[in-house]
Amino acid sequence: MVGVLALQGDVREHLAALAECDVIARPVRRPSEIDDINALVIPGGESTTMSKLAQTFEVFDPIHKRIAEGMPAYGSCAGMIMLADTVLDGREDQRSFGGINMTVRRNAFGRQVDSFEEPVDFNGESFPAVFIRAPWVESVGENVDVLGTIASGKAEGRIVAVRQGHLLATSFHPELTGDLRVHRLFVEMVAEHVG
Ligand code: GLN
């Protein structure tokens with residue numbers, strides 16, 4: 001059972017992508033629902049709002065704890081920010097669940113660049129990536145595998161997909177493109193974890 005954090009953001013698109021991967025997925029927004037899931041997807045949206053709502057709905061601490069205990073999680077865009085140990089250009093009161101030993105910069109591609117599509121090298125393959133006011137990974141610490149970088153252009157080489165053990169994050173939104181490779185990788189990670 002994979003939960004999609006349903007406080008804000010593109011929840012429906014992740015639910016649809018997971019359903020296509022033949023996974024039982026459901027939206028979660030209450031503390032009791034966090035107990036029932038084996039894994040969590042944190043959608044794209046707005047990380048400052050998500051941070052605030054997670055505290056208001058009292059799911060911040062339970063999710064933080066589950067992630068720290070090893071529950072697999074995947075975050076796209078705002079979800080990547082929520083999984084970062086360190087956030088640059090965030091709001092002062094913004095909190096992340098953390099878990100991935102990385103520093104991400106919010107709205108890193110420039111505020112004027114609202115959204116764009118750009119091929120990314122993901123896991124050794126080309127991936128059509130959609131970016132919407134996206135963060136990039138400024139730096140990674142030990143034990144973080146870089147899975148994806150921008151393939152060309154001004155931001156060439158910038159890190160946009162990472163994995164650390166049970167945690168996966170992308171700056172871009174595979175849930176919006178119908179390309180299931182990132183979700184399939186996550187489902188494999190979940191399957192490994194639950195045995
Ligand atoms: N800029 C947003 C944030 O900081 C992320 C945008 C997105 O998820 N598409 O949370």
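When a residue number appears, it is its place in the shown sequence, counting from 1. Both counts, for ligands and for their atoms, begin at 1 and track the order of listing.
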Engineer: Roughly how far apart are R29 CZ and Q8 CD, rounded to 0.5 Å?
Structural biologist: 12.0 Å
Engineer: Who are the side chain to side chain donor-acceptor pair (under 3.5 Å) partners of H173, not counting sequence neighbours?
Structural biologist: E175
Engineer: Considering only residues two or more places apart or on different chains, which pairs with a residue in residues 17-48 satisfy ring-ring contact (aromatic ring centres under 6.0 Å, His included)?
Structural biologist: none
Engineer: Kindly tell me which protein residues have any non-hydrogen atom under 4.0 angstrom away from an atom of ligand 1, grouped by chain and ordered by number?
Structural biologist: G44, G45, E46, S47, C77, A78, I81, R106, N107, I132, R133, H173
Engineer: Regarding R158 and the six-membered ring of W136, is the cationic atom NZ or CZ under 6.0 Å from the ring centre and inside 45° of its axis?
Structural biologist: yes
Engineer: Drop me the distance from L167's CG to I42's CD1, to the nearest 0.5 angstrom.
Structural biologist: 8.5 Å
Engineer: Suppose the criterion is ring-ring contact (aromatic ring centres under 6.0 Å, His included): which pairs have a residue in residues 25-71, not counting sequence neighbours?
Structural biologist: F60-F97
